[in-house]
Every structure is written in structure tokens, then in C-alpha cells.
Amino acid sequence: MLQTIHITHAQKLLTWYDRHHRELPWRVSPAAAKAGERADPYHIWLSEVMLQQTTVQAVKPYFAKFLTLWPKVTDLAAAPVEDVMAAWAGLGYYARARNLKKCAEAVAAEHGGVFPDTEEGLRALPGIGDYTSAAISAIAFNRQSAVMDGNVERVISRLYAIDAPLPGSKPAMKARVAELTPTERPGDFAQAMMDLGATICTPKRPACSLCPFCDDCLAFAEHDPERFPVKAAKKEKPVRLGAVFVAVTPEGEVLLRRRVDSGLLGGMTEVPTTAWTSRIDGGTTTDHAPFPAAWEAFGTVTHVFTHFELRLSVFRAKTARISTADGWWEPVTNLEAQALPTVMKKAITQAIPRAFEKSPN
DNA sequence: TACCCGTGGCG
DNA sequence: TCGCCAAGGGT
């Protein structure tokens, strides 16, 4: 009598992963993982924090730079926070960098420089939430943790055709992930779910014919996988206005300031700027310049943040090297080394077009 | 819970 | 061109 052999979702996915996994700088290949090799928890933690709401391609050069500058977590713990912010500049969500530094310090001081190897221990550290603690637990320590990120949400919502909108449906979806997560190779399973979401079960035009779940997927059976995941409606972005002031000395120095540690672009470097308000006339004139000077209009720059669009009027003035209470003068040739977020680089480039071009030396 | 928090690539 | 979205966390 013929016996039906039940192949689990996890087995199907892991077989797919063995053949189609992505090669990533922080990853141990499935072959090596089967041989018992584990990734460095420091590398996994660093990559996971960088990958929060950030694409793999954007992370790669930053990951390499951080490992060069700080090969071990204790090196990062000992580094000046200003150096960490400058190295993070351009990657966005700067609270991640502040928490990265705090987390490294906690691991060094409270854990002997060794990362906790449980989800609960990891979850207690700064910048490590539900997803990241589960991911490090599974990937670095091969524990059976239910890992759910945006990729997994998409895979699960399609596999079970979940109509309830995110984020409300998140707990139910995580329960499904927990059911699917195997006792064998849970770390590879977690990475495989994310690889599947990133390369096959994509937001638009998913490659369902190549998917190991095509026979099981309810969304595929309904012929409309793109309908999932269902998400709550998002609100529109308001416009905020402001002005920035690029002061340049005859010696080629620019006046910079450090933003407060909390809130938008917290702890990052800026050129003097007004408050950013929704007023039609809000701060677009020289009324709030850092000091009186022959301010000259240099057009505007627009920058879109997560929850508002910013339009900045750019002003430039040639000035003497005035002493200021809350700022410093930085040579234009050294701006690249500063912790300048992208919006500030845009504004400076508007006033000094060649500010961030590589010097001959 | 809902809001705050960057950036760049892509269809 | 522009809305979408990416390995989310903090409060």
C-alpha cells in the first residue's frame, strides 16, 4: 500500500534555501552551517540593526566600514560616539546609531564583551526589539525563535490569505511563524523565509512559479498574491518650511552645529537652521539667521522624511571667523568626515556646489 | 496604540 | 514623476 509522505513547509523551504540562498557578507552559508559553523554574533547584531527598514545594498558598504573601524564589539564600545555617528551618516534613522553605541557599551560592561545567547537577554539591550532579538537568537545561536520581519509578514499573509490588516494582524501571523519554525535548522529557516520574501515573494510581481510554497499558497490559489499583505491606510505627509544658513570664511571654513541628542536627526551635525514649521512664511527669510551678515539666497532644497516633506530656503554669506557659542568652524575639505545627514549635505551642496567632491589629495 | 524616526531605489 | 517600501525600535 502506498503511503503518503508529508513534506512540511519547513522542509520545502530549507531545500529551496540550500539551492537558492543569497550570499551576504554577514552570513554563514547553509553548507557551513550544517557543518556546525555559526556566524559571529557581533556581525549578526551589527547587520540586523543596520538592516532595520534599510535595504541590503545600502547596508553592505556601511557594514564593511564598521568592521574595519571596529573589528570587535569592545572596539565599538570604546569608540567616541561622534565617530560612530559620523560613520553612520547617510544610513538614516540615527537613533539606531545612538542605541548601537549604547548596546555595545552594555555588552562590553555588563556581559564581558559577549552577546547574550537568548531572545530574552538580547531583547533587554538598547535598539534590540522583538524582531532583532529573535533574529540574532535564531541566526547566531540557532535557537528556535519565531522571526518575523516585513518579508515574513508578506510570505505568511499570502500563504494563508490573511485579510486582516497590519499591524493588527501581526500577533496572529507571528503565531503562524512559530508553528512553522522547525527544531532543526531554525536559523537557516529564518534566513530562508526572509530570502524568499526578498527574491521570490516580492511586493510586486512575485515569482510564484519558482516558489517552494506554490502548491500550498492560498493567495496564489486566489490568483492575486499582490493583494497581500493588507495594510492600514496611511495618512498624508504635511509640508514644513524652514531656512538654512551656510556661512563661509575667506579661509574656506563652514559654520556647523551639533543637534540635540533626541528627536529628528538627533545627535547629528547641521548647518544653522530655523525651526521647521508648517507656517506658509515659516522661517524662509533671514530673520532667524545665526548672526547678521550679507545673506544671499541660493534657492531651495526639498527633502522627504518619514512623516513630512521639508522645503528649505538656502542662504549663503561670506563672513569673518566669528566666534560662536554653540558651533564650530570646519574646513570645507573636511565636511565628508562629519556626521552630516543627507538633508544637510543637500543644503550645503546647494550653497557650495563642490563641497563634497573628492579633493585631488 | 499611534506616532515619531531617513534614505535611496524602483515600477 | 511619485508613491511604495526595505531584516523595526522607542515612547
Side-chain angles (χ1 to χ4, degrees), chain A residues 21-22 24-27 39 43-63 85 88-100 102-103 122-140 145-155 165-168 170-171 174 177 187 189-199 201-206 226 229 231-238 240 259-268 270 276 302-310 339-346:
Chain A
H21 64 91
R22 289 180 290 177
L24 299 171
W26 45 85
R27 171 175 287 178
H43 295 188
I44 298 303
W45 163 71
L46 181 60
S47 67
E48 289 300 340
V49 173
M50 287 182 168
L51 286 162
Q52 290 166 4
Q53 298 289 285
T54 309
T55 58
V56 166
Q57 285 308 313
V59 164
K60 280 180 178 176
Y62 285 86
F63 179 77
M85 301 307 288
W88 194 278
L91 201 52
Y93 284 133
Y94 298 100
R96 291 186 296 173
R98 300 194 297 272
N99 285 328
L100 190 83
K102 289 180 189 169
C103 183
L122 291 160
R123 182 68 176 77
L125 292 166
I128 298 183
D130 289 338
Y131 161 74
T132 305
S133 57
I136 299 172
S137 165
I139 298 170
S145 297
V147 177
M148 192 173 71
D149 71 329
N151 289 304
V152 180
E153 286 174 358
R154 191 165 54 253
V155 172
L166 286 168
K170 210 166 173 179
K174 182 157 183 174
V177 178
F189 176 82
Q191 296 179 90
M193 286 287 278
M194 293 189 278
D195 277 22
L196 188 72
T199 64
C201 195
T202 50
K204 301 297 180 186
R205 296 179 59 82
E226 288 186 18
K231 294 188 177 180
K234 54 190 66 170
K235 41 187 286 188
E236 61 177 298
K237 285 182 184 178
R240 294 189 197 172
R259 294 175 65 88
V260 295
D261 275 323
S262 61
L264 186 71
L265 307 178
M268 298 295 285
E270 67 174 10
W276 302 339
T302 296
H303 192 77
V304 181
F305 289 97
T306 310
H307 54 297
F308 67 93
E309 175 184 326
L310 177 64
L340 288 163
T342 296
V343 62
M344 293 300 161
K345 288 190 175 183
K346 281 188 189 176

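As a basis for the values below, the full set of heavy atoms in this structure was taken, side chains included, without hydrogen atoms, waters or symmetry mates. Every chain is numbered from 1 and lettered A, B, ... according to where its sequence line falls, protein lines coming before strand lines.
For the pair A/F308 CZ and B/dC5 P, the computed distance is 7 Å after rounding to whole Å. Between the P atom of B/dT7 and the CG atom of A/L310 lies a distance of 11 Å, rounded to the nearest Å. When rounded to the nearest whole Å, the span between CD of A/E309 and P of C/dT1 equals 14 Å. Rounded to an integer number of Å, the gap from A/M50 CE to B/dT7 P is 15 Å. Protein atom CG of A/D261 is 14 Å distant from nucleotide atom P of B/dC5, rounded to whole Å. Residue A/K60 contributes atom NZ, which lies 18 Å from atom P of B/dG8 at whole-angstrom precision. One interatomic measurement links the two molecules: NZ of A/K235 to P of B/dC5, which rounds to 12 Å at whole-angstrom precision.
Residue-level contact check: A/V343 touches the backbone only, with heavy atoms under 4.0 Å from sugar-phosphate atoms and none from bases.
At B/dC5, one or more side-chain N or O atoms of A/H307 fall inside 4.0 Å of OP1 or OP2 (strictly under the cut-off). For the pair A/T342 and B/dG6, the criterion of a side-chain N or O lying under 4.0 Å from OP1 or OP2 is not met. For B/dT7, the OP1/OP2 oxygens have a side-chain nitrogen or oxygen of A/H303 closer than 4.0 Å.
The OG1 atom of A/T342 lies 8.5 Å from the CE atom of A/M268; values are rounded to the nearest 0.5 Å. We find the CZ-OG1 distance between A/R154 and A/T202 to be 7.0 Å, quoted to the nearest 0.5 Å.
Comparing A/R205 and A/V304 by the nucleotide of DNA chain B whose heavy atom lies nearest to each, the residue mapping closer to the 5' end is A/V304. Along DNA chain B, the nucleotide nearest A/G92 and the nucleotide nearest A/G168 are compared for position; the residue whose nucleotide lies closer to the 5' end is A/G168.
Shown here for A/G266 and A/Y94, the closest heavy-atom pair between the two residues is O-CB, 4.3 Å. Contact record, A/R259 with A/L264: NH2-O, 3.1 Å, taken as the closest heavy-atom pair.
Environment of NZ in A/K346: crowded, with over 12 heavy atoms of neighbouring residues, nucleotides or ligands closer than 6.0 Å.
A/R98 has no carboxylate O lying under 4.0 Å from a charged side-chain N of A/D261, or vice versa, which leaves the two without a salt bridge.
Nucleotides B/dG8 and C/dG9 are separated by 22 Å at their P atoms, to the nearest Å. C/dC4 and B/dG6: their C1' atoms are spaced 15 Å apart (whole Å). Going from the P atom of B/dC5 to that of C/dA7 covers 23 Å, rounded to whole Å.
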* **B/S/- contact track for nucleotides 2-11 of chain C, protein heavy atom under 4.0 Å** => ---SBBBSS-

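Aromatic ring pairs are classed by plane angle as parallel below 30°, tilted from 30° to 60° and perpendicular above 60°; the pair A/W26 and A/F63 is perpendicular.
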